[in-house]
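Chain letters run A, B, ... following the sequence lines, proteins first, then strands; residues in each count from 1.
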Protein chains: 2
Amino acid sequence: MIEQTFTIKQTAELTGLSEDTIRYYEKIKLLPPPDRKDNGHRVYRRKDIHTTKLISCLKKTGISLEAMKPFLKASGNPDPAEYIELTRTLKNHREQIVEQISSLQQLVDFIDVRLEDGFPSGEYSDQNPDDGAKPISVEEMSYFPQLRKRANRRIR
Amino acid sequence: MIEQTFTIKQTAELTGLSEDTIRYYEKIKLLPPPDRKDNGHRVYRRKDIHTTKLISCLKKTGISLEAMKPFLKASGNPDPAEYIELTRTLKNHREQIVEQISSLQQLVDFIDVRLEDGFPSGEYSDQNPDDGAKPISVEEMSYFPQLRKRANRRIR
DNA sequence: ATACATCTTGGAGCCGACTCCAAGTCAAAC
DNA sequence: GTTTGACTTGGAGTCGGCTCCAAGATGTAT
């Protein structure tokens with residue numbers, strides 16, 4: 001049984017990306033150069049469709065094309081020579097993503113509070129004596145003032 | 001008691017943005033034009049610091065500067081004339097963010113599985129008879145194949 | 001054979017979000 | 001009174017991520 005193949009157009013349709021975008025991803029080496037027909041046309045296989053769909057999914061999470069490369073490596077060929085490095089990179093990315101999730105979760109909470117209350121905002125009452133002279137820290141993210149009033153909330 | 005004010009440099013330090021960036025945000029009307037000293041220098045107040053920090057936080061969630069504007073409106077002046085529209089926009093954004101969170105959650109799961117298993121990937125075994133000819137849908141996001149094997153997982 | 005559809009390449013252009021620079025103003029310190 | 005430092009403006013440049021050509025090769029339908 002011969003393996004199913006796809007044109008670039010079909011690939012675009014299957015993945016929701018444009019043909020131009022797929023060629024672009026190939027150019028920046030996000031996608032591997034596919035085989036070609038005799039006339040030079042690109043030939044995509046299931047594996048390629050899978051990879052391209054993965055990219056399309058990763059895009060929805062808002063990560064950069066550059067940051068995707070580790071994921072594409074992790075999914076697919078397990079080159080032993082890069083295991084340790086790849087593991088490190090993956091753990092690193094994991095941390096960032098977890099952070100991003102919690103930022104987003106707070107945003108959702110922020111919106112919910114505003115929607116519930118009909119948002120005549122609590123305002124910057126100028127009575128809290130904080131604010132040193134340090135730059136904002138990553139943890140400080142959780143400063144949305146309204147949220148401190150509320151108990152833990154879950155989404156959906 | 002006179003209100004505390006800040007220079008652009010202090011504002012930059014407090015918010016983690018650059019002075020250039022702050023001026024840029026003013027130019028694109030993400031930040032309101034601040035008051036000026038007699039010599040033309042910008043004067044920022046607590047309210048402005050707050051707004052700028054909010055932007056800095058929203059940035060971490062990966063949303064675009066344009067998309068932030070509704071949040072900045074929601075936090076702060078409640079112009080009754082725009083309530084309905086603003087509520088709609090906010091709900092809309094909420095949905096998108098919830099979606100993004102779940103995409104990110106799946107990514108974390110993906111990474112965890114890979115890290116646990118030492119990732120000699122499950123591979124595109126070419127045995128699943130799915131793949132119609134439709135473009136990838138938003139829901140289809142949850143296709144990371146490894147994840148279907150696992151029960152629900154929580155982060156951290 | 002001529003029209004059309006589908007692909008190819010290379011390169012230009014575009015938008016968002018900065019980032020950098022030059023030239024100038026102003027105030028205080030030496 | 002000139003040097004230093006913090007600011008101002010306007011505009012140019014950069015980078016990521018596409019998106020849109022134009023010109024050309026090939027394949028199939030009439």
Side-chain angles (χ1 to χ4, degrees), chain A residues 5-45 48-49 51-52 54-72 93 96 100 133 135-136, chain B residues 5-45 48-49 51-52 54-72 93 96 100 133 135-136:
Chain A
T5 64
F6 305 86
T7 68
I8 193 167
K9 189 176 194 181
Q10 290 171 322
T11 306
E13 277 162 5
L14 284 167
T15 61
L17 301 172
S18 78
E19 302 176 35
D20 267 332
T21 300
I22 291 169
R23 273 179 226 119
Y24 171 69
Y25 287 170
E26 183 184 332
K27 192 159 90 189
I28 63 169
K29 287 158 202 275
L30 197 61
L31 285 172
D35 292 342
R36 302 289 185 131
K37 284 195 223 155
D38 290 355
N39 59 11
H41 288 196
R42 290 170 178 80
V43 174
Y44 295 97
R45 310 183 188 288
D48 301 306
I49 303 290
T51 310
T52 313
L54 178 54
I55 293 172
S56 173
C57 288
L58 287 168
K59 256 186 57 171
K60 292 191 190 120
T61 70
I63 84 174
S64 74
L65 300 183
E66 208 45 48
M68 282 179 197
K69 292 186 178 175
F71 293 98
L72 300 181
H93 275 69
Q96 287 177 39
Q100 209 192 335
I136 186 167
Chain B
T5 63
F6 305 87
T7 67
I8 193 168
K9 190 177 195 180
Q10 290 170 322
T11 306
E13 277 162 6
L14 284 167
T15 61
L17 301 172
S18 79
E19 303 176 36
D20 267 333
T21 300
I22 291 169
R23 276 185 288 254
Y24 171 69
Y25 287 170
E26 183 185 331
K27 193 159 87 188
I28 64 169
K29 286 157 201 272
L30 197 60
L31 284 172
D35 290 344
R36 302 291 186 130
K37 284 195 224 153
D38 290 356
N39 60 12
H41 289 196
R42 289 169 177 80
V43 175
Y44 295 97
R45 311 183 188 290
D48 300 308
I49 303 290
T51 310
T52 314
L54 179 53
I55 292 172
S56 173
C57 288
L58 288 168
K59 257 186 57 171
K60 292 190 189 120
T61 69
I63 83 174
S64 75
L65 301 184
E66 207 46 49
M68 282 179 196
K69 293 186 177 176
F71 294 99
L72 300 180
H93 276 69
Q96 288 176 40
Q100 209 191 333
I136 186 167

From [atom1] of [X] over to [atom2] of [N], roughly how many Å is that when rounded to an integer?
X: B:Lys9; N: D:dA6; atom1: NZ; atom2: C1'; answer: 7 Å
X: A:Glu66; N: D:dG17; atom1: CD; atom2: C1'; answer: 12 Å
X: A:Ile63; N: D:dG16; atom1: CD1; atom2: C1'; answer: 14 Å
X: A:Leu17; N: D:dC20; atom1: CG; atom2: C1'; answer: 17 Å
X: B:Glu19; N: D:dA6; atom1: CD; atom2: P; answer: 9 Å

Do any pairs count as a side-chain hydrogen bond (donor to acceptor under 3.5 Å, both in side chains) and have a residue in residues 27-36 of chain A, sequence neighbours left out, and if so which ones?
-> A:Asp35-A:Arg45

Closest contact, heavy atoms only, [X] versus [Y]:
X: A:Leu14; Y: A:Ile49; answer: CD1-CD1, 3.8 Å
X: B:His93; Y: B:Ala67; answer: NE2-O, 3.5 Å
X: A:Asp48; Y: A:Val43; answer: OD2-O, 4.3 Å
X: A:Leu17; Y: A:Lys59; answer: CD2-NZ, 4.1 Å

DNA chain D: A:Lys59 or B:Asp20, which has the more 5' nearest nucleotide?
-> B:Asp20

Can you check side chain to side chain contact (heavy atoms under 4.5 Å, CB included) on B:His41 and B:Thr7, steps first, answer last?
-> CA-CA 8 Å; B:His41 289 196; B:Thr7 67; over 6 Å; no

Can you pull the contact range of chain A along DNA chain C, 5' to 3', using atoms under 4.0 angstrom from its heavy atoms?
-> C:dT6 to C:dT9

Between A:Thr21 and D:dT19, is there a side-chain N or O to OP1/OP2 distance below 4.0 Å?
-> yes

Below 4.5 Å, heavy atoms only, C-beta onward: do B:Tyr24 and B:Leu65 meet side chain to side chain?
-> yes

Of residues 23-38 of chain B, the positions that come close to DNA chain D - non-hydrogen atoms, cut-off under 4.0 Å | B:Arg23, B:Arg36

Stepwise, does the salt bridge (charged side-chain N to carboxylate O under 4.0 Å, His left out) test hold for B:Glu13 with B:Lys9?
-> CA-CA 6 Å; B:Glu13 277 162 6; B:Lys9 190 177 195 180; 5.1 Å; no

